[in-house]
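This report concerns only the one structure given below.
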Amino acid sequence: MRWLLLLAALAAAGPRIAAAQPRMPPQAVAQPRSGTQDMSRELQAMQADDSANPGMLWVQEGEALFHRAEGRVQKACADCHASLTGVAARYPAWDDRSAAPMDLAGRIQHCRTEHQQATPLAREGEPLLALSAFVAGQSRGLPLAPPEDSRLAPALARGEALFRQRRGQLNLSCAQCHEDRAGLRLGSALIPEGHANGYPQYRLEWQALGSLQRRLRNCMVGVRATAPAFGAAEYVEIELYLARRGAGLAVEAPAVRP
Amino acid sequence: MARVLLNLPRSAAKGAVIEIRTLIMHPMESGFRPGMNGTILARDIITRFTCEYDGEVVFQAELSSAIAANPFISFTTVATASGTLSFTWEGDNDFRQTETRSLTVT
C-alpha cells in the first residue's frame with residue numbers, strides 16, 4: 001500500500017520542469033488577455049463604472065491621505081508630488097538605496113518612512129492599500145511598461161523561475177495553470193492568464209481591496225504551498241516577471257474580480 | 001466618517017425620472033462568522049438606508065446580515081422641484097451617516 005502511494009506521488013510529480021535560468025530575457029505573452037475579459041458582463045460593468053466599483057472608495061480614501069501632513073516633518077505626499085500619472089505602469093522598479101527591485105507599495109512605504117519620517121504602514125493595511133489605489137488609479141488606461149533596466153535582470157529571471165517552479169502539496173507551478181490551462185476551468189472559476197494590470201483590486205471573495213501580493217498568496221495557498229510573508233523579495237520578483245509578461249496591457253486598477 | 005460614493009444628476013427637467021446610485025464603505029460583519037480565535041464576531045451591519053427629498057422619504061431600504069460589505073444601493077425618484085436630497089445610513093454600534101446633495105429642477 002505504501003508503495004502504491006509512493007508511486008502515485010511520483011506519478012503526480014511528473015517530469016521536473018527545468019527551473020534553470022531562462023536563456024532569453026523574459027518576454028510578454030504574445031497577445032496578453034486581461035482577466036477582465038474573462039469576467040461576466042455584470043462584473044465588467046461594475047469595474048468600468050466609477051460609481052459602482054467599490055475600489056473607488058479606497059481611491060477616495062487614498063486621495064485624502066495623500067493630502068494629509070504626516071510624520072516628523074509634517075509633510076503630505078502632495079507637498080512633494082503633483083501628479084504620479086504613469087508611475088504605477090512601470091513598477092516594480094530598481095531602488096538605488098536598497099539595491100533591489102521595489103514594488104509600488106514598497107516605494108510608497110519608503111516615502112513614508114524616509115521622506116515623511118513617519119511610522120511604517122502595515123503592508124496589507126487599509127491606509128497603504130488606499131494610497132496604492134490612489135497612485136495606481138492615476139495610470140488607468142496606460143500600458144504596462146516595465147522598465148528596461150539591466151540591474152533588474154537577475155531578479156526578473158528569478159521571478160520567471162519562481163513562476164515555473166512547482167510548489168505545494170499539489171505540486172503545481174503558476175505556469176501550469178496560467179499558461180498551460182488559461183481559459184479552462186478550475187471548479188467554477190475560469191483560469192485567467194494571471195496578469196497584474198488590475199492591482200490593488202476589489203475581490204468579491206475578499207469583500208475588500210487587496211494587493212497583488214495578497215492575490216499571489218491566495219494562489220500559493222490554493223496549491224497548499226507555504227506563502228512568504230507580505231513584502232518578501234520573492235513576491236517582488238514574481239511581480240517583476242508578471243509585469244514583463246503582461247507588458248502592453250492597459251492598467252485597470254482598481255479592478256474588480258469575483 | 002465612512003467613505004461614500006454618490007452618483008446623481010445635479011439638475012433634471014421637472015417630472016423626469018432620475019437614477020441615484022450610492023455606495024458606502026462598511027464591513028457588514030454578519031454576526032455569524034468566527035474570528036481568528038474561533039469566537040463569533042459581533043454583528044456590525046447597516047440596518048437601514050433612507051433617502052429624503054426636501055424632508056419627505058422617497059426611498060427606504062432595510063438591510064440584513066446576508067448583504068455584502070460596502071453595500072451598493074441604486075434607485076430612482078421623480079424630479080419634482082429644486083431642493084435637497086439627503087441620504088442616511090444607520091446601523092449597529094450607533095452607526096449613522098448623512099450626506100446631502102442639491103438638485104436643480106428646470
Side-chain angles (χ1 to χ4, degrees), chain A residues 39-68 122 124-137 140 200-211 214 217 221 227 229-230 253-258, chain B residues 1-12 17-36 40-46 49 51 59 61 63-77 85 87 89 91-92 95 97-101 103:
Chain A
M39 297 197 302
S40 67
R41 287 231 308 272
E42 291 75 14
L43 281 184
Q44 291 188 19
M46 186 180 187
Q47 173 175 311
D49 179 349
D50 281 354
S51 65
N53 180 340
M56 297 312 288
L57 293 166
W58 277 261
V59 171
Q60 203 187 72
E61 173 76 15
E63 182 170 11
L65 293 176
F66 197 82
H67 290 90
R68 186 177 300 166
E124 203 59 31
E126 298 287 296
L128 189 53
L129 285 170
L131 282 166
S132 305
F134 176 63
V135 174
R140 267 215 272 183
Q201 161 179 107
Y202 191 87
R203 270 196 87 189
L204 303 186
E205 188 186 303
W206 297 335
Q207 302 214 1
L209 199 80
S211 70
R214 182 168 179 193
R217 194 187 164 83
V221 170
F230 288 127
V256 173
R257 292 288 182 272
Chain B
M1 286 274 282
R3 293 277 158 205
V4 165
L5 292 174
L6 275 177
N7 189 278
L8 67 153
R10 287 215 180 93
S11 63
V17 174
I18 57 165
E19 192 190 10
I20 300 169
R21 297 146 157 260
T22 72
L23 188 60
I24 186 166
M25 200 184 235
H26 195 284
M28 294 297 281
E29 187 57 59
S30 67
F32 299 117
R33 288 196 319 151
M36 286 299 208
I40 299 295
L41 297 168
R43 193 184 87 164
D44 179 16
I45 64 169
I46 293 172
F49 168 77
C51 172
F59 180 86
L63 289 82
S64 58
S65 274
I67 291 170
N70 311 309
F72 173 77
I73 298 174
S74 135
F75 55 97
T76 56
T77 191
L85 286 148
F87 307 91
W89 293 261
D92 294 335
F95 184 85
Q97 184 162 336
T98 299
E99 302 277 333
T100 56
R101 292 285 185 283
L103 177 71

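Each chain gets a letter, A, B and so on, in the order its sequence line appears, and its residues count up from 1.
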Item checked: Interface moiety of B:Ile24 toward chain A, non-hydrogen atoms closer than 4.5 Å -> backbone
Check: Say you draw a straight line from OG of A:Ser51 to CD1 of B:Ile20; how long is it, rounded to the nearest 0.5 Å?
Finding: 12.0 Å
Next item on the list: With side chain to side chain contact (heavy atoms under 4.5 Å, CB included) as the test, would you mind laying out the steps for B:Leu23 and A:Met56 before giving the verdict?
Entry: CA-CA 10 Å; B:Leu23 188 60; A:Met56 297 312 288; 5.9 Å; no
Checklist line | Atom of A:Gln207, atom of B:Ala69 and distance for their closest heavy-atom approach | finding: OE1-N, 2.7 Å
Item checked: Over all atoms of both residues, closest heavy-atom pair of A:Gln60 and B:Val4 ->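 Result for this residue pair: NE2-O, 3.1 Å.
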Item checked: A:Trp58/B:Met25 under side chain to side chain contact (heavy atoms under 4.5 Å, CB included): CA gap, chis, key distance, verdict -> CA-CA 9 Å; A:Trp58 277 261; B:Met25 200 184 235; 3.3 Å; yes
Check: Which atoms of A:Asp50 come close to chain B, meaning under 4.5 Å heavy atom to heavy atom: side chain ones, backbone ones, both, or neither?
Finding: backbone
